[in-house]
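Order of the sequence lines fixes the chain letters, A, B, ..., with proteins taken first and strands second; residue numbering starts at 1 for each chain.
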Protein chains: 2
Amino acid sequence: MSDSVEEICRALNLRVTGPRRVIMQVLAEATDHPDTVELHRRVTQIDPSVALATVYRTVKLLEDKKIIERHTFGDGRARYESADHAHHDHLIDVETGDIIEFHSDEIERLQEEIARKHGYKIVSHKLEIFVAPLDKQPKSTSRKARKTS
Amino acid sequence: MSDSVEEICRALNLRVTGPRRVIMQVLAEATDHPDTVELHRRVTQIDPSVALATVYRTVKLLEDKKIIERHTFGDGRARYESADHAHHDHLIDVETGDIIEFHSDEIERLQEEIARKHGYKIVSHKLEIFVAPLDKQPKSTSRKARKTS
DNA sequence: CTACCTGCAAATGTTTTGCCGAGCA
DNA sequence: TGCTCGGCAAAACATTTGCAGGTAG
């Protein structure tokens with residue numbers, strides 16, 4: 001997503017429109033993993049006329065074209081991040097909802113090995129580790145932390 | 001889920017009822033990863049009077065109590081499997097929707113290491129590898145295989 | 001000018017919930 | 001008998017889609 005909106009659209013055979021300009025800009029600037037409603041919130045701060053449906057449409061377009069990545073992290077909504085960074089997986093702090101990115105060549109290698117052993121090649125993969133701070137006591141049945149907003 | 005419905009309910013302080021009996025039986029017998037609607041379909045073959053809402057309620061109950069595990073695998077719905085087997089992760093064949101279970105101590109160990117390095121302990125984790133058969137040619141932009149049902 | 005886009009609202013698909021009668025312990 | 005359950009239908013969400021007017025190329 002470091003390329004200009006114009007470049008990306010040209011490459012994908014898409015028209016450069018106002019809404020797309022804003023949505024792609026917001027995605028490029030995001031350092032977190034916003035869901036579609038949050039994206040729309042940010043987009044409408046720049047251009048209030050953009051509809052939620054357009055965000056959904058654009059986001060799906062970009063996901064199909066591998067420009068962004070979709071995650072789910074257990075809760076209902078889909079969350080997105082631009083895919084231009086190197087591949088990485090996620091640590092999710094179940095107490096705060098914080099998301100830490102990490103990468104392990106070693107794990108990736110083992111995955112390849114496992115897939116090959118089963119007669120497959122990897123198309124993509126997703127590793128999410130749900131964690132809690134080391135210093136905290138394990139709470140018996142802590143309520144699920146919903147919204148961070 | 002190898003324990004009897006009675007045992008499980010007693011352990012969880014839940015009443016043994018007809019619907020629960022059937023739902024837990026279906027879950028115990030499932031060797032795949034059915035979603036809630038599919039579970040309801042199977043349950044109503046045994047007792048047609050059980051409502052979908054009850055399946056949702058029971059399934060959430062059992063998930064909270066760690067009797068079953070919930071997965072999402074990208075598509076909208078939640079899918080379940082009983083949690084009494086040893087922990088494992090999943091290989092998902094993107095062409096057929098087939099799900100293969102696997103386990104790697106080595107990967108698990110690396111995960112622990114990564115979490116610790118970041119100051120966390122693991123609560124749970126989820127590794128999904130989306131794969132395609134080795135013998136097939138990589139199709140440029142293959143349509144996504146949706147429903148296997 | 002034409003095909004692609006978009007806002008709007010309605011439709012869909014999934015999961016949750018209120019109500020109240022019914023059944024387990 | 002009391003408190004939990006469960007069926008039913010409506011609500012609550014997240015996402016998709018039909019349509020009709022707008023606009024990039």
* Heavy atoms under 4.0 Å, any strand shown: does A/R20 hit a base, just sugar-phosphate, or nothing? ->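 The residue A/R20 makes sugar-phosphate contact but no base contact.
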* What does A/V37 touch in the nucleic acid at a heavy-atom separation under 4.0 angstrom: a base, only the sugar-phosphate, or nothing? ->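 No contact.
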Checking contacts here: which listed nucleotide ([options]) is nearest the side-chain heavy atoms of [X]?
{"X": "A/K60", "options": "D/dT16, C/dT15, D/dG7", "value": "D/dT16"}
{"X": "A/V16", "options": "C/dC5, D/dG6, D/dG25", "value": "D/dG25"}
{"X": "B/R57", "options": "D/dA14, C/dT17, D/dT17", "value": "C/dT17"}

* To do: Check the pair A/H88 / A/F102 against side chain to side chain contact (heavy atoms under 4.5 Å, CB included), numbers first and verdict last.
  => CA-CA 5 Å; A/H88 58 257; A/F102 73 90; over 6 Å; no
* Can you check the A/Y56 OH to D/dT15 C1' distance for me, whole Å? ->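 After rounding, the reported distance stands at 5 Å.
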* In whole Å, what is the span from the CG atom of A/L12 to the P atom of C/dC5? ->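 Distance check: A/L12 CG to C/dC5 P gives 11 Å.
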* Nearest-nucleotide wise, let me know which of B/A53 and B/N13 is further upstream toward the 5' end of DNA chain D. =>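 Result: B/N13.
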* Find which nucleotide of DNA chain C each of B/T17 and B/R79 is nearest to by heavy atoms, and output the residue with the more 5' nucleotide. =>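 Result of the comparison: B/R79.
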* Asked: With nearest nucleotides of DNA chain C determined for A/S49 and B/L14 from heavy-atom distances, which residue corresponds to the more 5′ nucleotide?
  ->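 It is A/S49 whose nearest nucleotide is closer to the 5' end.
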* Asked: Does a salt bridge link B/E6 with B/R10, judged by any charged N lying under 4.0 Å from a carboxylate O?
  ->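 Here B/E6 does not pair with B/R10 in a salt bridge, since their nearest N and O are not under 4.0 Å apart.
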* **Sidechain N-carboxylate O distance under 4.0 Å for B/R42, B/E38** =>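 The answer is yes: the pair qualifies as a salt bridge.
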* Asked: Between the side-chain atoms of B/R15 and the base atoms of D/dG6, is any donor-acceptor pair under 3.5 Å?
  ->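 In this structure, the two groups form no donor-acceptor pair.
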* Asked: In terms of side-chain heavy atoms, does B/H71 have a donor or acceptor partner in B/E81 at a distance below 3.5 Å?
  ->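 Yes, because at least one side-chain N or O of B/H71 sits under 3.5 Å from a partner of the opposite role on B/E81.
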